[in-house]
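Below, chains carry the letters A, B, ... as their sequence lines are ordered, and counting in each starts from 1.
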Amino acid sequence: MTLRVYDTRTREKRELSTLEEGKVSMYVCGITPYSPSHLGHARCYLSFDVVHRWLEASGYEVEYVQNFTDIDDKILDISDSEEVDFSVVANRNIDDYLEVMDAMNVLRADYYPRVTETIPEIIDMISALQEKGHAYVGDDGVYFEIDTAPEKFGQLTGQTLEMVRAGAGGRVADTGSGKRDHRDFALWKLAKQGEPSWESPWGKGRPGWHIECSAMSLNHFGEQFDIHGGGHDLRFPHHEAEIFQSECCTGTEPVVGYWMHNGFVNLDGEKMSKSLGNFWTIREAFENHDPLALRYALLSVPYRNPIDLTPEFLEEAATHFERLIVAYGKSLTSNDHSGSDLSGASERFTAAMDDDFNTRAAMIEIQAVVSSSSGSDVAAWLERHAGEVLGLLPSSEEIVAGLAQADSARAEVSDRVESLLGEREISRETKDWSRADEIRDELASMGVVVEDGPEGPTWHLE
RNA sequence: GCACGGGUGGCAGAGUAGCUAUGCAACGGACUGCAGAUCCGUGGACCCGGGUGCAAAUCCCGGCCCGUGCUCCA
C-alpha cells in the first residue's frame with residue numbers, strides 16, 4: 001500500500017517520494033492575524049492536521065512549519081483604528097487561533113515562525129535576488145522582476161504572462177506603485193509615515209507578502225522541501241511568487257515536491273471569506289456546535305472538494321459524531337472482545353487515507369465499525385483510527401469523566417424515574433395509553449428519554 | 001474574457017471502458033398501543049449533443065452550467 005498525494009503543479013496524484021527517506025518536510029501558509037479565524041481557516045488547518053497525522057501514522061518523521069504573517073496592511077489598519085501597537089492586534093488573533101485549533105484537536109506544528117522575527121533572513125534573500133538580477137528598486141520598494149524568469153510563470157495555474165498582462169488593464173498606473181510591470185511583485189515595501197518599519201539596505205520598511213514564506217522555508221528546510229500546503233486561493237499569486245523567489249535565489253528547482261491546496265468552505269455556494277463578509281468565525285460556530293463535531297463535519301468531505309455549509313450538513317455530521325462518541329464510551333468501559341474481525345475495516349481505512357487523504361471514505365469505515373460492533377478491541381481500534389489519525393475523539397479520560405458524570409446525573413433522578421416508570425407500566429397494562437403518554441411526557445420534561453423494548457422500558461438522559 | 005477545477009440518485013461521495021460502490025436521508029416490512037431504537041428489504045444517478053468501441057459515467061470533439069483565480073484572502 002502506498003501513499004499517493006495530489007500535486008497541484010503536475011496536476012496528478014503521485015506516490016509520495018520524499019527528499020529524505022522516511023522524513024517529510026511540510027510547510028503550510030498560516031494566517032494573517034488581523035481578525036479572529038473563520039471556518040475557512042479551520043478547514044485548511046484541519047486538513048493539513050490530518051495530513052500531518054497520517055504521515056506520522058504511516059511511519060514518517062514530519063517536520064511541520066506554519067507561519068504567522070504578523071505584519072501587514074490590514075493589521076496596521078486595525079491597530080491604527082484602535083490606537084494600539086500592531087503587535088497587540090497580531091498577538092490577540094494568534095492567541096485566538098491557537099486556542100480554537102487546540103479545541104478542535106489540531107496538533108501543533110513544530111515551528112510557527114513570524115515575519116517580524118524573520119527580517120534578517122528576508123533581507124538576505126532579497127539581497128541575493130538583487131545580486132542575481134532578479135530584483136530592482138522602485139520608488140516605493142523593491143520588486144521582483146518577472147521577466148527575468150518568465151519560464152517559471154503559470155506553474156500552478158496554467159496562466160501565461162500574456163494572459164495576465166491582458167487581464168490587468170491599466171492597473172499599474174492606478175496603483176501608482178514603483179513597479180516596472182504590473183506582474184512584478186513587492187519584496188520590500190518602504191515605510192510610509194508612521195508605519196512600523198525595519199532597517200534594510202533599501203531604507204526603512206517591511207517585507208512584501210510573498211517573501212516571508214520563501215525565507216522561512218529556506219531557513220527551516222533548505223533549498224527544497226517536500227510538501228507545501230495552503231488554501232486554493234493562494235496558488236496565484238502567492239505560491240507562484242514563492243516559486244520565483246526561492247528558485248531564483250538558490251538556483252535549485254523544484255523548490256517544492258508536492259503543492260497541496262485545500263478547497264473552500266462555501267456558504268450558499270459562495271466562498272466564505274473575510275472580504276465577502278459571509279463568514280462565521282470559529283468561535284461563533286462553537287456557540288452552537290461542539291468543536292469536535294465541527295471537526296467531524298469539516299473532515300467529512302475530502303480536502304480538495306468544496307464544502308457547502310448547510311444546517312443539514314452540520315446536523316448529519318453532529319449525528320455521526322454523537323454516535324461515535326457514544327460507541328467509543330461503550331467500548332471503552334467494556335471488558336469483552338467484540339468477536340468481530342476488524343482487519344477489513346483497517347485495510348479499507350488505510351487505502352482511503354493513502355488515496356490522497358480521503359477522509360470521507362475513511363470515516364465511512366469508522367461509521368461501519370461503530371454501528372456493527374463494540375468491545376475493548378473496538379475501543380482500541382477507534383482510538384487508533386478515529387482518535388490518533390483523524391483526531392475526532394476526546395481523550396479517554398474525558399470520556400470516562402463524562403460517563404461518570406452521566407452516571408451520577410442518572411443516579412440523582414433514578415428513584416423518581418423508576419417510580420414514574422412503574423406507574424406507567426401499570427397504566428400500560430391496563431391500556432390507559434393517555435396516562436402512559438402523559439408520564440412519558442413528564443419524564444421527557446425532566447430530560448429523560450424512555451424507550452420501550454421487548455424486556456420492558458429503558459431510559460437515558462438527554 | 002482567459003486559466004484552473006468540477007458537473008454521478010434528495011445530500012455527501014467512489015468509480016478512467018464491461019460486473020450492486022458506500023454512507024445518510026426516503027420508502028416498504030418486522031417489532032411497537034404509539035413513539036424511539038433495532039433488524040430485514042426496496043427504489044433511485046451518471047449536465048446536453050455528437051464521435052470512437054462489441055461495450056462509455058468512464059476515452060475524443062463541441063456546447064451548457066457552477067466554483068475559484070487573474071486584486072488582500074485558508
Side-chain angles (χ1 to χ4, degrees), chain A residues 6 8 11 28-32 34-35 37-48 66 69 72-75 77 97 154-169 171 174-175 182-183 185 209 229-240 261-266 269-276 279 297-298 300-308 310 312-313 315-317 319-320 323 348 351-352 355 358-361 363-368 370-371 427-434 436-437 440-441 444 449-454 457-460 462:
Chain A
Y6 183 87
T8 305
R11 294 185 205 117
V28 174
C29 284
I31 56 164
T32 299
Y34 69 91
S35 64
S37 302
H38 62 67
L39 289 179
H41 299 109
R43 163 80 129 159
C44 175
Y45 303 109
L46 244 20
S47 298
F48 289 105
Q66 191 185 118
T69 305
D72 128 291
D73 289 346
K74 285 180 184 153
I75 293 174
D77 286 347
Y97 169 80
Q155 289 192 41
L156 301 180
T157 55
Q159 299 184 102
T160 65
L161 282 167
E162 289 66 32
M163 288 167 188
V164 177
R165 177 183 288 138
R171 241 178 250 150
D174 295 348
T175 59
H182 80 273
R183 296 161 304 178
F185 54 88
W209 175 37
H232 203 247
D233 52 350
L234 297 183
R235 289 174 309 145
F236 188 91
H238 186 57
H239 289 161
E240 289 208 358
H261 294 102
N262 67 278
F264 288 119
V265 175
N266 296 333
E270 249 190 342
K271 170 188 173 184
M272 176 181 286
S273 80
K274 291 184 191 172
S275 36
L276 290 172
F279 63 90
L298 292 174
S300 70
V301 173
Y303 78 93
R304 287 192 288 137
N305 297 17
I307 290 181
D308 226 343
T310 59
E312 300 76 49
F313 175 80
E315 248 165 61
E316 189 184 321
T319 303
H320 284 295
R323 280 183 199 169
R348 288 187 295 272
D355 182 13
N358 189 338
T359 48
R360 174 76 189 193
M363 283 159 81
I364 283 174
E365 293 307 322
I366 288 175
Q367 288 169 20
V370 160
S371 65
S427 305
R428 293 182 71 206
E429 273 161 33
T430 58
K431 299 200 194 299
D432 182 356
W433 309 126
S434 61
D437 289 346
R440 188 164 62 193
D441 289 344
V449 180
V450 179
E451 288 176 359
D452 296 320
T458 59
W459 62 277
H460 64 266
E462 184 67 344

Taking atom [atom2] of [N] as reference, at what distance in whole Å does atom [atom1] of [X] sit?
X	N	atom1	atom2	result
Asp308(A)	rG5(B)	CG	P	21 Å
Arg183(A)	rC2(B)	CZ	P	19 Å
Phe185(A)	rC70(B)	CZ	P	15 Å
Tyr303(A)	rG13(B)	OH	P	14 Å
Leu46(A)	rA74(B)	CG	P	16 Å
Asp432(A)	rC34(B)	CG	C1'	14 Å
His261(A)	rG6(B)	NE2	C1'	17 Å
Glu365(A)	rA21(B)	CD	P	17 Å

Using purine N1 to pyrimidine N3 plus N6-O4 or O6-N4 for Watson-Crick, or N1-O2 and O6-N3 for G-U wobble, each under 3.5 Å, what pairs with [N]?
N	answer
rA74(B)	none
rG9(B)	none
rC4(B)	rG67(B)
rU38(B)	rA30(B)
rU52(B)	none
rA17(B)	none
rA45(B)	none

[atom1] atom, [N] versus [M]: distance in rounded Å?
N	M	atom1	result
rG43(B)	rA37(B)	P	24 Å
rG51(B)	rA12(B)	P	33 Å
rC27(B)	rG63(B)	C1'	38 Å
rC64(B)	rU42(B)	C1'	35 Å
rC19(B)	rG1(B)	C1'	46 Å
rG28(B)	rG7(B)	C1'	33 Å
rA14(B)	rC47(B)	P	15 Å
rA57(B)	rC70(B)	C1'	33 Å

Ring geometry between His232(A) and Phe264(A) (parallel below 30°, tilted from 30 to 60°, perpendicular above 60°): perpendicular
Whether His38(A) and His41(A) hold their rings parallel, tilted or perpendicular, with breakpoints at 30° and 60°: tilted
Asp77(A) and Lys74(A) ion-paired at < 4.0 Å: no
Would you classify [X] as touching base, sugar-phosphate or nothing, given that sugar-phosphate means primed atoms plus P, OP1 and OP2, and contacts are heavy atoms under 4.0 Å?
X	result
Val265(A)	base
Val449(A)	nothing
Met363(A)	nothing
Gly40(A)	base

Determine yes or no for a side-chain-to-main-chain donor-acceptor pair under 3.5 angstrom, with [X] supplying the side chain and [Y] the backbone.
X	Y	answer
Arg183(A)	Leu161(A)	yes
Glu240(A)	Leu156(A)	yes
Asp72(A)	Ile75(A)	yes
Arg304(A)	Gly263(A)	no

Shortest non-hydrogen contact between Pro302(A) and Thr359(A), atoms and distance: CA-OG1, 4.2 Å
Taking every non-hydrogen atom, the tightest pair across Arg11(A) and Gln155(A): NH2-O, 4.5 Å
Torsion-based syn/anti label for rG53(B), 90° from 0 as limit: syn
Which residue lies more 5' along RNA chain B, comparing Ser300(A) with Gly263(A) via nearest heavy atoms: Ser300(A)
Most 5' of Phe313(A) and His41(A) on RNA chain B, judged by nearest nucleotide: Phe313(A)
With Phe185(A) via ring pair (Phe, Tyr, Trp, His ring centres under 6.0 Å) - residues at least two apart: Phe144(A), His210(A)
Base-contact (B) and sugar-phosphate-only (S) positions in nucleotides 23-33 of chain B, heavy-atom cut-off under 4.0 Å, - elsewhere: BS--------B
Spacing of Tyr34(A) atom OH and Asp73(A) atom CG [to the nearest 0.5 Å]: 11.0 Å
Inter-residue atom distance Asn262(A).CG - Ser47(A).OG, 0.5 Å rounding: 5.0 Å
Which atom pairs link the protein and nucleotides 66-69 of chain B when you take only N or O atoms and keep those under 3.5 Å?
unit_1  : atom_1 : unit_2    : atom_2 : d
rU68(B) : OP1    : Lys271(A) : N      : 3.1
rG69(B) : OP1    : Lys271(A) : NZ     : 2.6
rG69(B) : N2     : Gln159(A) : OE1    : 3.2

